[in-house]
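In the text below, chain A, chain B and the rest are named by the order of the sequence lines, each starting its count at 1.
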Amino acid sequence: MIMRFQRNVRGILTACRATEKYNDIDIIFSDERSLSTQLIGYAENEIETQRSSSFDTLWDNCSISQLVAAVFFRNDPGAIDSYQSPVEFIETVLRHRKCNPLELVGLLKKCKGRKEMLYIPQYREGHRYFRYMKEVKKEFYHMCMFTRPELFGNVLIARVSTDHRTSDMFCQWLARKNPDIVIGVIDKNISWIGNGNLLGFESQVCEVDPSFLVDLQSGDNADKGLEDLWEIYYDSQYISKRRNRKLASRMQPAISANFSTMAKNDRYRVEKGTGNCTLDEFSKDCENL
Amino acid sequence: MSSDTHIPDVHRTLQERIRLLSAGTKYDSCNQTAVCHAFGPDGRCIQLYKTLLTNHCSGECLYCPNRSMRDTSRASLSPEEIAKITWSFYRKNAIEGLFLSSGIIGDPENTAYRQLEVVTLLREQGFNGYIHVRLMPGTPKHLLENISEYANKFGINAETTSSVNYSHICPNFDYQNDVLMRLKWIHDMVRRRRSEHNDTRIIGANDTQFVVGLLNEPDRNMIQTVNRFMNRYGLRRPYFMSFDPVPGTPLEKEPSSPRWKETRLYQASYLLKDYGLKARDFDPIFDDTGNLTDDDPKILLAAANPDMYPVDINSATRHELLMVPGIGPISAERIIHADTISSEQELARIGVAVSRARPYIRIQGKSQTRLDRFWKSGS
């Protein structure tokens, strides 16, 4: 039998349970479109979807925490508290462009009911998925650090370019930080609206047509002159005696320059240093010549 | 004397005042929030808009660039101006919030009133970001209470480790009364706010900053003071800033403190905070003058206690693992909860710095041969 699951936390956890219950099933995930289309043509009758099968009906009524408890049944009270959330782990790695849900199901089964094993990358396969989690989080943090959105009237618009599916996370983060204004995040062909409730949307963060954000950008850009003010502030924070190009380059990596012009300028000054030459000093130097 | 120093505030542009007043905070360390937004060429992160309310100051602290007797350019920003700049940088995602310090405007009470004005204004405007207020020694208790209503963090710099040193460098204030008593009040307020606060505002722990190398204070005193502050005032993270003499101050001819001292003190403070060490545990690694040397304190501690090693990685306790160079609190937890570890590769995947840990560990009965054992077996 072939069973089809959704590519999300519930789907992954249910697939784990299904493979435990039935030894002879093959599983596919619903956004593997080409594969599933082929399979539907090939053996339509044999495919059970997550929702329609009798065995799922029971599990569809389970909460995520009940599913987690079923898959991670060994409870170690001394386990690492802050690294205990399998839901967060699955949610994060599913965003990685190389994540294979089938492999992920295999990894969860190898944990043998111990959720902390997801965060202990002792073995090679576990290490790879742990790395995926870190790569996804790194991309998200880099966006939070270096993206500089622009304010148009009462709308804050950010342009990003992601390798993994993280732009909605960033939109959510920016919306939480600015709960009083509408947030727009444009990631190549995908656009997100944050604080959508301010515009009458039902959910806080939702995907919208890119043209919708273009219309919102029609107001005046309120950021004029701000970048100059930032440069003054940035330069004022630098202690010239403590210049440390190696550390600074590591902390503000070259990739930061791709996020915004402000971050690009900051990166440039990390490399070149910030001069403290004023017009007075320049005149003095000329007099000495 | 620069002709710039006597320009009245009203004749300075906003840009000039931002430059002057932000430069006045560049020695204050405050990286407490989760997201940094930029890094200066010195490698220090920028995550808050750091500014002084004013650099006019009635204090006479010997090391301070803003001391009243010093001939320097003076400027002020109004609460409205600070709020506006903070909002602009915040919307641009260039900062996470505001760090507000000040020169002393007449007396600490008046200064705290002005600081309160800024944070109240921002919160009333709906500002959701992080606010850290650096208070003046001697700030009255009722104003501390008021500021704690709005700020995420507020603290007073201790600067030094003893009353005698403090009264020498800050003649206007009393260490016991104006600093330590306030740190105690803040600790109590933070605990109370944390237990009773219902909204999402994060209340930070007490914090303070020390000037390293001022008056040749030994590192032993510094570590003891930090340990005491952690126990008494709930100090979570001390900040250290190497002393750099400022021209035009009474200490201008004093030598700068070496930069590595700051790093080693930070390392020692992490050992106190995250590794469960006590100040007395550092005794074997101080030199004759009570100072640290320019080496990683954890490696020096391991060298001073050779009988503790090698540690069997699969049976060691958490404390034993934490004492191994290259193993931190997170990797120690992982080792404890992992399956039996059989190779260095597994350790590396877990996050251990294997090259540093190798001389101090044993895996499945195998450990690195040490030169002293080699000689013993030879003889």
Side-chain angles (χ1 to χ4, degrees), chain A residues 76 78-80 83 114 116-117 119-124 126-127 130 141 144-151 156 158 174 177-181 222-223 226 228-230 232-248 250-252 262-263 266 269-274 280, chain B residues 2-4 14-16 18-27 34-47 49-51 85 88-96 126 128-129 200 241-242 244 256 259 330 333-342 345-351:
Chain A
D76 180 357
I80 317 166
Y83 294 94
R114 293 172 61 198
E116 64 273 17
M117 288 308 284
Y119 293 93
I120 303 175
Q122 185 176 0
Y123 305 112
R124 191 166 291 176
H127 185 248
F130 186 78
Y141 286 134
C144 296
M145 289 164 84
F146 303 120
T147 302
R148 304 281 182 260
E150 289 183 74
L151 190 62
L156 202 59
L174 209 55
K177 207 179 155 192
N178 300 280
D180 55 330
I181 54 174
D223 288 348
L226 190 62
D228 297 338
L229 216 57
W230 172 255
I232 291 168
Y233 176 63
Y234 180 94
D235 290 349
S236 76
Q237 291 302 298
Y238 159 52
I239 304 173
S240 55
K241 280 185 185 171
R242 299 168 75 104
R243 177 154 169 71
N244 187 342
R245 187 171 153 186
K246 196 174 162 190
L247 175 68
R250 187 158 56 85
M251 301 307 284
Q252 179 118 8
M262 268 169 80
D266 294 344
R269 282 174 294 176
V270 158
E271 284 296 317
K272 305 288 175 193
T274 57
D280 283 348
Chain B
S2 156
S3 58
D4 180 41
L14 180 66
Q15 283 85 345
E16 281 174 331
I18 289 175
R19 185 176 55 77
L20 273 174
L21 294 171
S22 293
T25 59
K26 68 181 170 190
Y27 293 100
V35 185
C36 299
H37 289 276
F39 295 84
D42 48 13
R44 297 188 316 147
C45 81
I46 301 174
Q47 55 180 212
Y49 168 47
K50 293 199 293 177
T51 185
I85 299 162
S88 307
F89 285 164
Y90 186 78
R91 291 289 198 216
K92 195 73 183 165
N93 196 34
I95 55 164
E96 283 295 289
N128 208 19
T200 52
M241 180 52 76
S242 298
D244 248 333
S256 304
R259 209 76 71 213
I330 292 173
E333 286 295 337
R334 285 181 187 157
I335 290 169
I336 288 168
H337 292 99
D339 294 340
T340 303
I341 288 166
S342 54
Q345 284 83 354
E346 287 184 4
L347 269 186
R349 282 190 212 117
I350 278 175

> If you count heavy-atom pairs under 4.5 Å between each of A:Glu271, A:Gln252, A:Arg242 and chain B, which one has the most?
Replying inline: A:Arg242
> In Å and rounded to the nearest 0.5 Å, what is the CZ to CD1 distance from B:Arg19 to A:Ile232?
Replying inline: 8.0 Å
> To the nearest 0.5 Å, how far apart are CD1 in B:Ile85 and CG in A:Leu226?
Replying inline: 10.0 Å
>> Let's test your reading of the structure: which of B:Arg91, B:Arg44, B:Glu346 forms the most heavy-atom pairs below 4.5 Å with chain A?
In response: B:Arg91
>> Please classify the contact between A:Asn178 and chain B as side chain, backbone, both or neither, with a heavy-atom cut-off of under 4.5 Å.
In response: both
>> If the condition is side-chain contact (heavy atoms from CB on, under 4.5 Å), which residues does A:Met251 pass it with, not counting sequence neighbours?
In response: A:Leu247, B:Phe39
>> Does any backbone or side-chain atom of A:Ile239 lie under 4.5 Å from a heavy atom of chain B? Answer side chain, backbone, both or neither.
In response: both
> Hey, what do you get for NE2 (B:His37) to CE (A:Met262), rounding to the nearest 0.5 Å?
Replying inline: 10.5 Å
> Does A:Tyr233 use its side chain to pair, donor to acceptor, with the backbone of B:Lys50 at less than 3.5 Å?
Replying inline: yes
> Taking all non-hydrogen atoms of both residues, which atom of A:Pro121 and which atom of B:Arg349 are closest, and how far apart?
Replying inline: O-CB, 2.9 Å
>> Under 4.5 Å from any heavy atom of chain B, what part of A:Arg245 do you find: side chain, backbone, both or neither?
In response: backbone
>> Please determine whether a side-chain nitrogen of the Lys or Arg among B:Lys26 and A:Asp235 lies less than 4.0 Å from a carboxylate oxygen of the Asp or Glu.
In response: no
>> Looking at A:Tyr141, I'd like to know if its OH atom is crowded, meaning that more than 12 non-hydrogen atoms belonging to other residues, nucleotides or ligands lie closer than 6.0 Å.
In response: no
> Which region of A:Arg250, side chain (C-beta onward) or backbone (N, CA, C, O), has a non-hydrogen atom less than 4.5 Å from a non-hydrogen atom of chain B, or is it both or neither?
Replying inline: neither
>> If you count heavy-atom pairs within less than 4.5 Å of chain B, which of A:Gly126, A:Ser236, A:Ala248, A:Ala158 leads?
In response: A:Ser236
> Heavy-atom distance under 4.5 Å to chain B: side chain of A:Lys241, backbone, both or neither?
Replying inline: both
>> Looking at every non-hydrogen atom in both residues, tell me the closest pair between A:Arg269 and B:Pro41 and how far apart they are.
In response: O-CG, 3.5 Å
>> For a quick test of reading the model, state the closest non-hydrogen atom pair linking A:Tyr234 to B:Ala38 and the distance between them.
In response: CE1-CB, 4.1 Å
> To the nearest 0.5 Å, how far apart are CD1 in B:Ile350 and OH in A:Tyr119?
Replying inline: 16.0 Å
> What closest approach, in Å, do B:Gln15 and A:Leu229 show between heavy atoms, and which atom pair accounts for it?
Replying inline: CG-CD1, 3.9 Å
>> Please classify the contact of B:Ile95 with chain A as side chain, backbone, both or neither, using a heavy-atom distance under 4.5 Å.
In response: both
> With respect to chain A, which residue among B:Ala94, B:Gly43, B:Gly126, B:Ala348 yields the maximal number of heavy-atom pairs within a distance under 4.5 Å?
Replying inline: B:Ala94
> Which bit of B:Asp339 is near chain A, if near means a heavy-atom gap under 4.5 Å: side chain, backbone, both or neither?
Replying inline: both
>> Heavy-atom cut-off 4.5 Å, strictly under: side chain, backbone, both or neither for B:Leu347 against chain A?
In response: neither
> With a 4.5 angstrom heavy-atom cut-off, which part of B:Arg259 approaches chain A: side chain, backbone, both or neither?
Replying inline: side chain
> Nearest 0.5 Å, what's the CZ-NE2 distance between A:Arg114 and B:His337?
Replying inline: 8.0 Å
> If you look at every heavy atom in B:Ala338 and A:Gln122, which pair is closest and at what distance?
Replying inline: CB-OE1, 3.3 Å
> Taking A:Lys177, A:Lys246, A:Arg243 one by one, which has the highest count of heavy-atom pairs under 4.5 Å against chain B?
Replying inline: A:Lys177
>> Less than 4.5 Å to any heavy atom of chain A: does that hold for the side chain of B:Ile46, its backbone, both, or neither?
In response: side chain
>> Quick check against the 3.5 Å criterion: does B:Asn93 have a side-chain atom that pairs as donor or acceptor with the backbone of A:Cys144?
In response: yes
>> If you compare all heavy atoms of B:Lys92 against all heavy atoms of A:Arg148, which two are closest, and at what distance to 0.1 Å?
In response: O-CD, 3.2 Å
